[in-house]
2 protein chains.
Amino acid sequence: MSGRPTLRTVAAKAGVSHQTVSRVVNGDPTVTDGIRDKVLSAMRVLDYRPSAGARALASGRTEVVGVVLPHNPGFAFSNDHLIRLVGGADQELAARGYGLLLSTREVPDDAASAHRRFTRRRQVDGLLVEAGAGGEALPALRSAGYPTVVIGYTDEDVYRVHPDDEGGAYAVTQHLLALGHRRIGVVNGPVENRLAMAARLRGLRRAFADARRTIPDDLVEHGDFTAASGYAAAGRLMTRPEPPTAIFAFNDSMAFGAMRWLREHGRALPTDVSVAGFDDTTAAELVDPALTSVSLHSADVGRLAARILLDVLDGRPPAQRENVTPSTLEVRASTAPPPMPN
Amino acid sequence: MSGRPTLRTVAAKAGVSHQTVSRVVNGDPTVTDGIRDKVLSAMRVLDYRPSAGARALASGRTEVVGVVLPHNPGFAFSNDHLIRLVGGADQELAARGYGLLLSTREVPDDAASAHRRFTRRRQVDGLLVEAGAGGEALPALRSAGYPTVVIGYTDEDVYRVHPDDEGGAYAVTQHLLALGHRRIGVVNGPVENRLAMAARLRGLRRAFADARRTIPDDLVEHGDFTAASGYAAAGRLMTRPEPPTAIFAFNDSMAFGAMRWLREHGRALPTDVSVAGFDDTTAAELVDPALTSVSLHSADVGRLAARILLDVLDGRPPAQRENVTPSTLEVRASTAPPPMPN
DNA sequence: TTCCTGAGCGCCCAGATCAAG
DNA sequence: ACTTGATCTGGGCGCTCAGGA
């Protein structure tokens, strides 16, 4: 006597069997129109709502996917990226009637905790895992039989989706070369993201090669994605005997740090030195000069990852494991031709 | 023959009844130690995992709460705020064994859609709703019997949690007054957020009153939380006969817009004009000069909202409907004493 | 074809049972 | 024989699926 109507309550009211009501609820096309109307109006009158729990129990599917995100404030991934990722995934999942069970994870912590929250209770049909949040747990997930799509880069042989980091870096480099820059300083990212960083370096090298220019190999510095590390890297680059005329930082935060170093040391932006970033965070267009950066279109990444997972769940797995979404160069005021040598 | 072990499988292996296994799983203290050990080892050997669906069906509770967020890129709420909110809520929910089902919502859209995704299928025990994402649907939710906690401001008589906007605005104003500013221009936010904006105005007025200063009532402009509107508002403020010496924008984006206007019109920051914002987004410390702003400690807001919802679900509802989390002033380089009149 | 019937899915709850004090 | 505490038994939560009418 919980009060809520069930399939059978509705069936009794509509004068049909519970199974017929089930067919109506699930949009079975073999239901006669007259019966369907009767059932629908009974459902409306009783304010019937199906029970996800009962359905999950009987069918073995929950129609919910788990999303595992890293959650380490101010490090590695921008909040902009994460929230757009989730928004895109949610949009795609909602369109197909799926729910999104979220688990954030403090990144240095017990390895498998976030996934286990889902899989230990069998509340999800599959998983979307941000690479930084749990690449190391993938074998366990696979053996547990959970279809998984990784968002980002991984060595594991799983479905994965990532933005076109190589293409983005290519576009930045090409843009800087076209402006006339020859000595381009690079602020590389941390080893935790070595696969994404490798892709960006490939794009950089390819752009130099296509322009038939030799890449100055003494101009790569490392940072850890924080503004402070970008500041320090800019200092190291600019105090070399032959400093660069442009700095390409592998994320926006480091680019902002580099801009700060340059301003504090009397360089005019962008006339003395150009700066470009990566990720196109909201801050990029708010700083002065606005930062040229690569937009990853994070919502598209989330959408595609969700679509692939749903396709796998529907039994039509995509042909390729690795899927790439386009990224685009956003040219803003922070990049300009290098100063004339005189 | 799905393969997965059930309570009864474990029971058979351990030589006890299924109900005893259930008691072990649920931590019933009346289980004898010897039996508990036998059951636990059987569970381990069989890799038993409880089925959330079956449990939900039998108990009527899902141990999942729904979180409804607005999702309108670049407007009204910063991504920083949202993601920290969710992170805090998730942390609290996870600690009590609850899951977090997320639904993002494009804000101008069909009113109740996001909540209905949860409630129509009865997959959640309660809801956390961002005020901007669904205040208008609250009566419907309440009548449907879903315990709900609103994050933000609302006129409805529901549990709600919001940061101390009034205190934050008080702190900013007091800070500016202490620096010597008398004419403080205000860039107010949009009417959609009128309750939060009213709280900030109260803080502003109280600070003037406590300092025994009269508030210049001709220095309030409106914006819509975008940088462009902050830019325009700054223009209107600074071209008055007696322009302000400081601008207090009711969010960071508008503050950035104001900074841009000031720079483009030859004002030195902060020596000619001070600027303060609200929300303390990541961009605040990346711009130059770094922006003085009010930190809302969004994760704390999310945590408290989750805790209140869980308390309601546990049958021990808090005494008060309205709950406020502290916000703090982050003083940075964008605020300084006004120029000496000469 | 369209609809119906019956048997579970894996769990929780209530009441029955059984060992001890 | 009469509590008290630990364990067991049966029924049913609301749905889907297979097979029959």
Side-chain angles (χ1 to χ4, degrees), chain A residues 1-40 42-43 46-64 97 99 119-125 313, chain B residues 1-40 42-43 46-64 97 119-125:
Chain A
M1 223 39 198
S2 85
R4 291 233 61 83
T6 74
L7 274 190
R8 295 193 138 84
T9 325
V10 177
K13 175 146 197 108
V16 298
S17 83
H18 67 99
Q19 173 60 8
T20 300
V21 179
S22 170
R23 283 159 56 219
V24 171
V25 169
N26 293 298
D28 187 321
T30 71
V31 181
T32 313
D33 283 355
I35 295 218
R36 186 199 316 280
D37 291 346
K38 255 194 309 195
V39 171
L40 285 175
M43 280 173 39
L46 296 171
D47 187 28
Y48 168 76
R49 319 210 189 153
S51 153
R55 180 192 298 243
L57 177 57
S59 71
R61 281 169 298 106
T62 62
E63 306 221 313
V64 169
T119 57
R120 86 152 60 253
R121 291 160 70 170
R122 288 184 272 163
Q123 4 187 30
V124 300
D125 292 342
L313 291 173
Chain B
M1 224 38 197
S2 85
R4 292 233 58 85
T6 74
L7 276 188
R8 295 190 139 84
T9 325
V10 177
K13 176 146 195 108
V16 298
S17 82
H18 66 99
Q19 174 59 11
T20 300
V21 179
S22 170
R23 284 159 55 220
V24 171
V25 169
N26 294 299
D28 185 322
T30 72
V31 181
T32 313
D33 284 354
I35 295 215
R36 188 199 317 280
D37 290 346
K38 254 195 307 196
V39 170
L40 285 175
M43 281 173 38
L46 295 172
D47 189 26
Y48 167 77
R49 317 209 191 155
S51 151
R55 180 193 297 243
L57 177 58
S59 71
R61 281 169 298 106
T62 62
E63 305 221 312
V64 170
T119 58
R120 85 152 60 253
R121 292 161 70 173
R122 289 185 271 163
Q123 13 186 21
V124 302
D125 292 342

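Proteins come first, then strands; the chains are lettered A, B, ... in the order of their sequence lines, and each starts at number 1. We use all heavy atoms of the structure for the numbers below, so side chains are in, but hydrogens, waters and symmetry mates are not.
Spacing between atom CZ of B:Arg122 and atom P of D:dC13 amounts to 12 Å, rounded to whole angstrom units. For the pair B:Arg4 CZ and C:dG8 P, the computed distance is 22 Å after rounding to whole Å. In this structure, B:Leu57 atom CG and D:dG11 atom C1' are separated by 13 Å, rounded to whole Å. The NE2-P distance, from A:His18 to C:dT2, rounds to 19 Å in whole Å. The nearest whole Å value for the distance from the CZ atom in A:Arg55 to the P atom in D:dG14 is 15 Å. Rounded to whole Å, atom P of C:dC9 lies 20 Å from atom CZ of B:Arg49. In this structure, A:Ile35 atom CD1 and C:dT1 atom P are separated by 17 Å, rounded to whole Å. B:Asp33 has its CG atom 17 Å from the P atom of D:dG5, to the nearest Å.
In the interface, the side chain of B:Gln19 is paired with the base of C:dC13 through a donor and an acceptor atom under 3.5 Å apart.
The side chain of B:Ala54 lies closest to C:dG10, out of D:dC8, D:dG14, C:dG10. Listed nucleotides C:dC12, C:dC4, C:dC9 differ in distance to A:Ser17; the shortest reach to its side chain belongs to C:dC4. Residue A:Ala58 places its side chain closer to C:dC9 than to any other of C:dC9, C:dT2, D:dT7. Residue B:Thr32 has its side chain nearest to D:dT7 when only C:dC3, D:dT7, D:dC15 are considered. Comparing C:dC12, D:dT16, D:dT7 against the side chain of B:Ser22 picks out C:dC12 as the nearest. The side chain of A:Arg23 sits closest to C:dT2 out of C:dT2, D:dC15, C:dC11. Here the nucleotide nearest the side chain of B:Leu7, chosen from D:dC15, D:dT7, C:dC11, is C:dC11.
Checking each of A:Thr9, A:Leu40, A:Val10 against A:Tyr48 for a side chain to side chain contact (heavy atoms under 4.5 Å, CB included) leaves exactly one that passes, namely A:Val10.
Within the structure, every side-chain polar atom (N or O) of A:Ser59 is placed at least 4.0 Å from both OP1 and OP2 of C:dC9. Close to D:dT7, at under 4.0 Å from its OP1 or OP2, lies no side-chain N or O of B:Thr30.
Annotation: side chain of A:His18 is not in contact with side chain of A:Thr6 (no heavy-atom distance under 4.5 Å).
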Go through the steps to decide whether B:Val25 and B:Arg23 satisfy the test side-chain contact (heavy atoms from CB on, under 4.5 Å), and finish with yes or no. CA-CA 5 Å; B:Val25 169; B:Arg23 284 159 55 220; over 6 Å; no

Take A:Asp125 and A:Val64 through the side-chain contact (heavy atoms from CB on, under 4.5 Å) test and state the conclusion after the steps. CA-CA 6 Å; A:Asp125 292 342; A:Val64 169; over 6 Å; no

Take A:Arg55 and A:Asn26 through the side-chain contact (heavy atoms from CB on, under 4.5 Å) test and state the conclusion after the steps. CA-CA 11 Å; A:Arg55 180 192 298 243; A:Asn26 293 298; 3.2 Å; yes

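A:Arg61 comes within 4.0 angstrom of the backbone, heavy atoms only, and of no base. As judged by a 4.0 angstrom heavy-atom cut-off over every strand, B:Val16 is placed among residues touching the sugar-phosphate backbone only.
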